[in-house]
Amino acid sequence: MAKIIKVQKGTKDILPQEVEQWHRLEKNALEIFTRYGYKEIRTPIFEATELFARGVGDTTDIVNKEMYTFEKSDRSITLRPENTAGVVRSFIENGMSRLSAPVKLWYKGPMFRYERPQAGRQRQFHQVGVEMFGIKEPTADAEAIMLAVDYLKSLGLNDLEVEINSLGCPKCREEYKNKIKEVLKPEFDNLCEDCQSRYEKNPLRLLDCKVESCKEIFEKPEIKKVIQSDFICEECAQHYSKLKSYLDKLNINYTENKLLVRGLDYYNRTVFEIKSNNLGSQNAVCGGGRYDSLVRNLGGEDTPAVGWAMGMERLNSLLPDIDSHKLDAYVVSNSETEAFILTQELREKGVKVEFDLANKKFTKQLEKASKTANYALIIGEDEIKANKVSVKNLQTSEQVTVDRKDVINNINIG
RNA sequence: GCGUCUGUCGUCAAGCGGUUAAGACCUCGGAUUGUGGUUCCGAUAUGCAUGGGUUCGAAUCCCAUCAGACGCCCCA
């Protein structure tokens, strides 16, 4: 036998028995997002590498070590690791800033990140997400979070935790970063390896290190004081407190998490995540926030924006399995021609129905029917002569013989 | 990139140095049931991820490789 070729590491087939669940995720997304005024956009799977370098940020791991990049005739191309950069690119390229604000776009599709797979993490995975352009007011942040919660509710997920934080604006955040670096400088050599690299790359990330020795350092009074100081400027603070008041009024439960720092460079002010305790260590189903400078950084006009993305595989793992649909009926007959004809008549009327293409023995056909369908439609010689069909309910074993044209009235179509 | 654990039929598995490598489900064939889903028979791994070793003897021990799971980093 020839060698079997297997799926690539970190990728998965979505098999027929799971596809029903995916349909549900997609159907609810369309329905709920549309209700909030969002329109779907589909951008290409690959983009110029530079888009992600400039968009997502070249200090991030996503860009530094997780991109699928390849060269084609002097162009550097990358499989999208996330979709915000692509949507922003399209927003700019198609002149959407001329549309009346807000411009609300949603997407779904595969993303690619070259990482070690583990629970809730694959190399090809799927996200649904939304992006809203043109509104700087915190109402937009609140509505985006509301939408996320609403969507999750529509899927029956009510008990998830919403965490929020404000990163401030580039200006006040920079000051905060510098203060942290300053106060930690004497301790630099005592920090763990990861923290030492974070010290330069993203000082905000230092704070939730799990290494004991680092934790102890952060507990020192003079350091703790700096870490816990409210660094954000007056304007940012106002924005944040308004957001919280909207969330309160809308009855969205949330907790504030000062350590919540999203890893993508483009965020400012509001960041949030929605987490579940049933996901293993990759416990965020949703992550997002405000990114007011991204559009400008990618060459567009200054345009405020908020957005979020959800991991569809993670969502799916929280949802109960759906039974894949049974057939409405299975035609049983020793005459494959008659079976074929009856099957087609019913299919034209919208019935999900099959017959035995292999023309096996009568009892095997019935066995197949009982396993795959709700009704068996039996046409033996007697029935054919009389132009009738015996309809057997396979749950109750009740059987009636009816005129051929009345079959459809004697079965429930699911 | 690092760490921990795992790898026996399509699936779930028993086996823990000497077995003809259990069993269950699925699938297929047959018997029987006045038309099935009950029951009964039968088929389905010369091989235990791959390659080396240790041993009289290995699925069982050791090493390497590969694959998978989980965790770190990071992220949805």
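Naming: A, B, ... by sequence-line order, numbering from 1 per chain.
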**OP:** Determine the interatomic distance between P on B:G23 and the same-named atom on B:C41; round to the nearest Å.
**Re:** 13 Å
Subject >> Between B:A21 and B:A13 - C1' atom distance, rounded Å >> reply: 13 Å
**OP:** For B:G71 versus B:C9, give the span between their P atoms, rounded off to a whole number of Å.
**Re:** 26 Å
Original post:
Between the base of B:G36 and the side chain of A:S370, is there a donor-acceptor distance below 3.5 Å?
Top reply: yes
**OP:** Using a 4.0 Å heavy-atom cut-off across all strands, classify A:Q118 as base, sugar-phosphate, or nothing.
**Re:** base
Original post:
With rounding to whole Å, what would you report as the distance between B:G42 and B:U6 at their C1' atoms?
Top reply: 36 Å
**OP:** Answer with yes or no after comparing the ring centroid distance for A:Y330 and A:Y375 against a 6.0 Å cut-off, counting only values under it.
**Re:** no
**OP:** Have a look at A:A369 and say if it touches a base, only the backbone sugar-phosphate, or nothing, with a 4.0 Å heavy-atom cut-off.
**Re:** nothing
Subject >> C1' spacing across the pair B:C40 / B:A45, given as an integer number of angstrom >> reply: 26 Å
**OP:** Could you tell me whether the side-chain ring of A:F125 sits stacked on the base of B:A76, using a centroid cut-off under 5.5 Å and a plane angle under 30°?
**Re:** yes
**OP:** Just call it for A:E313: base, sugar-phosphate, or nothing, with non-hydrogen atoms closer than 4.0 Å on any strand.
**Re:** nothing
Original post:
When all nucleic acid strands are considered with a 4.0 Å heavy-atom cut-off, which category describes A:L315: base, sugar-phosphate, or nothing?
Top reply: nothing
**OP:** Would you mind classifying the nucleic acid contact of A:Q399 as base, sugar-phosphate or nothing, using non-hydrogen atoms under 4.0 angstrom?
**Re:** base
**OP:** Select from A:G287 and A:L366 the residue whose nearest nucleotide in RNA chain B is closer to the 5' end of that strand.
**Re:** A:L366
Subject >> Nearest-nucleotide comparison on RNA chain B, the residue closer to the 5′ end among A:H126 and A:T396 >> reply: A:T396
**OP:** Select base, sugar-phosphate, or nothing to describe what A:G280 touches, counting heavy atoms under 4.0 Å on all strands.
**Re:** sugar-phosphate
Original post:
Between A:K392 (NZ) and B:G34 (C1'), how many Å, whole number?
Top reply: 12 Å
Original post:
Which whole number of Å gives the distance between the P atom of B:U60 and that of B:G68?
Top reply: 22 Å
Original post:
Taking the same atom, P, in B:G29 and in B:G47, what whole-Å distance lies between them?
Top reply: 27 Å
Original post:
Rounding to the closest angstrom, what is the interatomic distance between B:A14 and B:A22 at atom P?
Top reply: 15 Å
Original post:
What does A:T363 touch in the nucleic acid at a heavy-atom separation under 4.0 angstrom: a base, only the sugar-phosphate, or nothing?
Top reply: base
Subject >> Side-chain N,O (A:K65) to OP1/OP2 (B:C73) below 4.0 Å >> reply: no
Original post:
What nucleic acid atoms does A:K275 come within less than 4.0 Å of, heavy atoms only: base, sugar-phosphate, or nothing?
Top reply: nothing
**OP:** Tell me, yes or no, whether the heavy-atom count around A:Y254 atom OH, taken from other residues, nucleotides or ligands under 6.0 Å, exceeds 12.
**Re:** yes
Original post:
Is a donor-acceptor contact shorter than 3.5 angstrom present between the side chain of A:R121 and the base of B:C74?
Top reply: yes
**OP:** Could you tell me whether A:Q8 contacts a base, only the sugar-phosphate backbone, or nothing, with contacts defined as non-hydrogen atoms closer than 4.0 Å?
**Re:** nothing
Original post:
Looking for any heavy atom pair under 4.0 Å, which part of the strands does A:E82 touch: base, sugar-phosphate only, or nothing?
Top reply: nothing
Subject >> Interatomic distance, A:K9 NZ vs B:C70 P [rounded to whole Å] >> reply: 12 Å
**OP:** Show your working on side chain to side chain contact (heavy atoms under 4.5 Å, CB included) between A:H126 and A:M111 and close with a plain yes or no.
**Re:** CA-CA 6 Å; A:H126 297 76; A:M111 309 295 159; over 6 Å; no
Original post:
Which one is paired to B:C2, where only Watson-Crick or G-U wobble pairs with both distances under 3.5 angstrom count?
Top reply: B:G71
Subject >> Short side-chain N/O contact to B:U35 OP1/OP2 from A:S390, under 4.0 Å >> reply: no
**OP:** Determine the contact category for A:K371: base if any of its heavy atoms lies under 4.0 Å from a base atom, sugar-phosphate if only primed atoms, P, OP1 or OP2 are that close, otherwise nothing.
**Re:** sugar-phosphate
Original post:
Would you say the side chains of A:Y266 and A:D292 form a donor-acceptor pair under 3.5 Å?
Top reply: no
Subject >> Euclidean distance, A:E338 CD relative to A:E381 CD, rounded to 0.5 Å >> reply: 11.0 Å
**OP:** Kindly say whether the aromatic ring centers of A:F355 and A:F340 come within a distance under 6.0 Å.
**Re:** yes
